[in-house]
Amino acid sequence: MKLSTLIADIDIVKHIGVLDREVSSVCFDSRKAEQGSLFIAVSGVSTDGHLFIDTAIANGAVAIICNTIPPIIKDNVTYIQVKDSSITLGEVASAYYGRPSDKMILVGVTGTNGKTTIATVLYRLFKKLGYKTGLISTVCNMVDDEEYPSTHTTPDPIELNSLMAKMAEAGCSRVFMEVSSHAIDQNRIAGLRFDGGIFTNLTRDHLDYHKTMDGYLKAKKKFFDNLPATAFALTNLDDRNGNVMLQNTKANKYTYSTTTLADFKCNIIELGFDGMLLKINNIEAYLSFVGRFNAANLTAVFGAAYLLQVKPHDILVALSALTPVTGRFQKVKSGDGKSAIIDYAHTPDALENVINTINDIRLANKQYGNLITVVGCGGNRDKGKRPQMAKIAVRGSNTVILTSDNPRNENPNDILNDMMAGVDKTDTDKVLVIENRAQAIKTARKMATDKDIILIAGKGHETYQEINGVKHHFNDAEEFKS
């Protein structure tokens with residue numbers, strides 16, 4: 001593709017060298033540069049791509065986009081200076097793959113909790129309605145019926161546009177994607193045209209990256225601030241930050257709620273471990289999802305589908321045939337008749353929501369016994385939430401087993417000590433500390449009666465445990481059943 005075509009819509013500060021030349025590929029990793037590549041130098045979190053410009057050229061790059069032109073210029077190489085190369089990367093990636101987001105209806109879902117459920121249920125809903133549909137999520141990426149592995153909640157701009165180009169080629173007309181705060185802050189979604197945005201909630205998470213809740217909030221809000229006037233912005237009024245997302249958006253504003261008046265309103269009529277009877281905008285439907293948080297998620301799905309011109313009755317009929325997302329309040333049984341809930345809850349708010357939901361059902365029905373919670377916290381992440389999560393688990397459970405999650409490069413026992421700091425001395429008799437996660441799950445199962453409920457929280461859909469930077473196969477559901 002012509003370099004001049006790729007940069008046609010980009011604001012250029014200055015350039016050195018010819019613009020009318022062919023480029024064979026686009027990359028931002030110098031190791032992936034090849035003969036004829038365009039290399040875009042981006043200042044990242046852990047490294048600065050500008051340090052690898054010469055490496056990219058040595059590997060064959062013939063054009064460089066950067067924030068600062070290097071002092072030594074190589075012959076026969078074109079240098080293009082821009083204000084922010086991270087934004088330019090997204091814009092160039094979109095142009096290189098034929099602007100795929102312009103060819104489909106693209107809806108982004110952002111917030112702390114609920115992103116995966118909402119995006120995945122929307123994908124399944126529109127598949128059920130007969131549409132060719134795409135999904136970009138934490139669990140997997142789907143190009144209609146074809147699955148591609150997921151490495152990040154929101155991929156880098158080149159992978160993102162490559163995926164969307166496959167979706168466009170496959171005839172997908174609707175695409176639903178999770179939009180992480182990291183992706184927004186790092187401009188990974190630059191160059192994409194969104195037709196809608198959904199806000200779920202904002203609670204403590206990723207403070208190792210954003211440092212403050214205000215920084216985290218601003219990252220989420222930036223997504224809505226950048227939506228075009230032709231898009232819709234659908235926000236959760238049950239979250240105190242819901243209206244903040246709408247303050248400066250040019251998009252058409254809509255709301256959903258399970259507690260107050262909104263454009264899309266849900267009431268929970270009956271709640272059980274196998275599903276809920278809901279009334280959404282005065283229409284009743286029994287859905288195979290559990291929990292007040294899922295009532296909110298399903299209301300967001302209903303609202304988004306309605307805004308995408310699907311009739312309310314058709315939405316609820318399709319939803320009634322769907323099942324929960326893997327690792328999100330997933331009910332499993334062991335061979336000896338014990339029951340467990342597997343859930344991805346890895347933030348204080350998510351853990352509290354799941355525990356409250358279990359207790360709402362458990363305490364209203366005499367057939368259920370105690371709640372045993374198995375939970376840990378990830379390494380190399382926000383340490384401040386560790387004592388909070390332990391405290392929430394102890395407050396809402398009869399017995400708690402603190403264990404390892406993904407320790408990554410931290411000592412698991414240091415993480416567990418941080419968690420124990422949140423346990424009051426009067427509650428220590430309710431707590432066991434078992435660092436080995438497999439052993440913790442087996443202990444919970446041995447302790448439980450047939451009436452008890454075991455919550456295994458933190459990893460959900462994940463099929464690995466990361467220890468000392470190495471990923472080992474591990475699946476909570478498999479461990480519980482074995």
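In what follows, residues are counted from 1 in the order of the sequence shown.
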Note, F480 side chain near R445 side chain (heavy atom, < 4.5 Å): yes
Whether over 12 other heavy atoms sit under 6.0 Å from K128 NZ: no
Rounded distance (nearest 0.5 Å) linking atom CG of N226 with atom CG of N187: 8.5 Å
N-O pairing of K383 and D418 below 4.0 Å: no
K442 atom NZ, neighbour heavy-atom count above 12 within 6.0 Å: yes
Derivation of the side chain to side chain contact (heavy atoms under 4.5 Å, CB included) call for V109 and T200: CA-CA 8 Å; V109 187; T200 63; 4.0 Å; yes
Plane angle bin for F293 and F329 - parallel if under 30°, tilted between 30 and 60°, otherwise perpendicular: tilted
NZ or CZ of K459 within 45° of Y464 ring axis and under 6.0 Å: yes
Candidate pair Y131 and F126, rule ring pair (Phe, Tyr, Trp, His ring centres under 6.0 Å), full reasoning: CA-CA 5 Å; Y131 293 89; F126 277 84; 5.4 Å; yes
NZ or CZ of K451 within 45° of Y368 ring axis and under 6.0 Å: no
Whether over 12 other heavy atoms sit under 6.0 Å from E478 CD: yes
Salt bridge K127-D144, side-chain N to carboxylate O under 4.0 Å: yes
T249 (side chain) donor-acceptor with F224 (main chain) under 3.5 angstrom: yes
K391, NZ atom: more than 12 neighbouring heavy atoms under 6.0 Å: no
Over 12 foreign heavy atoms within 6.0 Å of OH, Y306: no
Exceeds 12 heavy-atom contacts within 6.0 angstrom, atom CG of L363: yes
Between F194 and F223, ring centroids under 6.0 Å: yes
Pair K331 + D274: basic N to acidic O under 4.0 Å: yes
Nearest-0.5 Å distance that lies between atom CE in M245 and atom NZ in K220: 8.0 Å
Side chains of E352 and R395 in contact at under 4.5 Å (non-hydrogen atoms): yes
Side-chain (D452) to main-chain (N370) donor-acceptor, under 3.5 angstrom: yes
Electrostatic pair R386:E410 at N-O distance under 4.0 angstrom: yes
Pairs flagged by salt bridge (charged side-chain N to carboxylate O under 4.0 Å, His left out) wherever residues 425-439 is involved - sequence neighbours left out: R437-D476
Heavy atoms from other residues, nucleotides or ligands near NE2 of H313 exceed 12 (cutoff 6.0 Å): no
Audit row: R328, V139, side chain to side chain contact (heavy atoms under 4.5 Å, CB included) steps and yes/no: CA-CA 11 Å; R328 269 64 175 179; V139 177; 3.9 Å; yes
